[in-house]
J.: 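Got a structure for you, questions after.
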Amino acid sequence: MERKLRAGIIGATGMVGQRFILLLQGHPYFELVRLAASSRSAGKTYEEALGGRWKMKVEMPADVAKMHVYDAADVETVAEGLDIVFCAVDMPKDEIKKLEEAYAKAEVPVMSNNSANRWTEDVPMIVPEVNDSHLAVIEAQRARLGTKKGFIAVKPNCSIQSYVPALTPLMEYGVKEVVVTTYQAISGAGKTFKDWPEMNDNVIPYIGGEEEKSEKEPLRVWGTVENGVIVPAKAPLITSQCIRVPVSDGHLAAVFVNFEKKPEREAILEAWKNFKGEPQKLGLPSAPEQFITYMEEDNRPQTGLDRDIYGGMGVTVGRLREDTMFDYKFVALSHNTLRGAAGGAMLTAELLYKKGWLD
């Protein structure tokens, strides 16, 4: 049996950090050996550092509760002996960039849930089933950083992780224009109903920065690696609205799409059914057996019923039909803190492991 890689979590006390803790329990590739957070938490046990702020629906693992929490700013100490760190910190973007580069320069690969490096030209932003070829840019990044092993990889914003997978197998028909409205869970803001009671019986038609991310990040995911940088795609044209809704987990998207060559409805359904990526081909531990699942019922997918498909790592689609102004419209759903956050980062780390980038 191969040695498990020694993993750490930076930002371990936040909601995504807590997800990482659960995902690393019994993982076949990685062993959680170090937790780091802000200086306020440093020196305490994890349970003490949280102070009752455990937000997961299952109990905190007993062994993790007693783990020592390090100061994330003490890069040399935290990085010592680690093979990978998962980063999910709540800091200004320029500080996050500096911190992630410091860990990479300490020769520890960084798998980031943060947005700070998503537009760094030589940092791959990965949806594992969609653009695994972008990992090739890591060599250019290592040359820039002067590292042999260390690098940074990121995952995209949670808002795009339902409709980008659904549109990707349709790109051969020339996806030209996309209108999307996302209905996003409160956990996307790191909240529960207990600490955000204002969201009960309420909808907020604004999420800061989400619409720009929803319109631009897909183009980077669909881009190409050229001369050691990722060049975003020039099409399709995307416009979006992002709305906060009173559900705990799960981002639902209503999508309208025009094509250069309009496909038959059955061709779209077949493309979704047959779409597999490297995670499915490699049998990665977190990979959903079926990446995109189409639901025939008129009232599906539903956030409460369908967000947990394949352990929250699958994407569900429904209500595909022709539109009066666009070629087609449909709805798509993904779990925002699993597929859209910690789970997507974990799957990317598994891909990095299998592709040899963590050797």
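What you see is a predicted model; the values in this text were computed from it and never measured. What's counted below: heavy atoms across the whole structure, side chains too, no hydrogens, waters or symmetry copies.
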J.: Strictly below 4.0 Å, N to O, side chains only: are E210 and R244 in salt-bridge contact?
T.: no
J.: Give a yes or no on whether Y46 and V85 share a hydrophobic cluster (residues Ile, Leu, Val, Met, Phe, Trp, Tyr; joining criterion: side-chain heavy atoms under 4.5 Å apart).
T.: no
J.: Are T45 and E47 linked by a side-chain donor-acceptor pair shorter than 3.5 Å?
T.: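 Distance-only check fails for T45 and E47.
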J.: Where do K355 and E278 land on the salt bridge (Lys or Arg N to Asp or Glu O under 4.0 Å) test, with the steps shown first?
T.: CA-CA 10 Å; K355 291 289 188 178; E278 281 296 288; 2.8 Å; yes
J.: Let me see the working for S286 and E350 under side chain to side chain donor-acceptor pair (under 3.5 Å), right down to the final yes or no.
T.: CA-CA 8 Å; S286 299; E350 294 168 3; 2.6 Å; yes
J.: Give me each pair satisfying ring pair (Phe, Tyr, Trp, His ring centres under 6.0 Å) with a member in residues 334-359, each pair once, sequence neighbours excluded.
T.: Y29-Y353
J.: Show your reasoning for whether side chain to side chain contact (heavy atoms under 4.5 Å, CB included) applies to V257 and F330.
T.: CA-CA 9 Å; V257 56; F330 60 87; 4.2 Å; yes
J.: Salt bridge check: are D132 and K281 linked by an N-O gap of less than 4.0 Å?
T.: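 Salt bridge flag = no for K281 with D132.
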J.: Looking at A185, is its backbone amide N or carbonyl O close enough to the side chain of H251 to form a donor-acceptor pair, meaning the two atoms are under 3.5 Å apart?
T.: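 At least one qualifying donor-acceptor pair exists.
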J.: Within 45° of the axis and under 6.0 Å from the centre of the six-membered ring of Y328, does NZ or CZ of R265 qualify?
T.: no
J.: Test side chain to side chain contact (heavy atoms under 4.5 Å, CB included) on S240 and T182 and set out the steps.
T.: CA-CA 8 Å; S240 71; T182 60; over 6 Å; no
J.: Let me see the working for E198 and K191 under salt bridge (Lys or Arg N to Asp or Glu O under 4.0 Å), right down to the final yes or no.
T.: CA-CA 11 Å; E198 297 86 354; K191 304 286 189 180; over 6 Å; no
J.: Specify the closest pair of heavy atoms between S214 and S159, including all atoms of both residues, with the distance to one decimal.
T.: OG-OG, 2.8 Å
J.: For residues 164-178, which residue pairs pass the side-chain hydrogen bond (donor to acceptor under 3.5 Å, both in side chains) check, not counting sequence neighbours?
T.: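 Listed once each, the pairs are T168-W222, E177-N258.
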J.: Is a salt bridge present between E217 and K213, judged by a nitrogen-to-oxygen distance below 4.0 Å?
T.: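 No.
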J.: Charged N to carboxylate O under 4.0 angstrom, D83 versus K4?
T.: no
J.: What's the verdict on side chain to side chain contact (heavy atoms under 4.5 Å, CB included) for Y310 and R339, showing C-alpha distance, side-chain angles and the deciding distance?
T.: CA-CA 10 Å; Y310 295 109; R339 166 57 71 167; over 6 Å; no
J.: After noting the C-alpha distance and the side-chain angles of I21 and L35, does the key distance pass the side chain to side chain contact (heavy atoms under 4.5 Å, CB included) rule?
T.: CA-CA 9 Å; I21 285 171; L35 302 175; 4.3 Å; yes
J.: Can you see whether N117 engages E100 through a side-chain donor-acceptor pair at a distance of less than 3.5 angstrom?
T.: yes
J.: Any donor and acceptor pair, going by atom type alone, linking the side chain of K354 with main-chain N or O of G283 inside 3.5 Å?
T.: no
J.: Taking side-chain contact (heavy atoms from CB on, under 4.5 Å) as the criterion, tell me which of T337, I9, L50, V64 meets it with Q18.
T.: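 The single option meeting the side-chain contact (heavy atoms from CB on, under 4.5 Å) with Q18 is L50.
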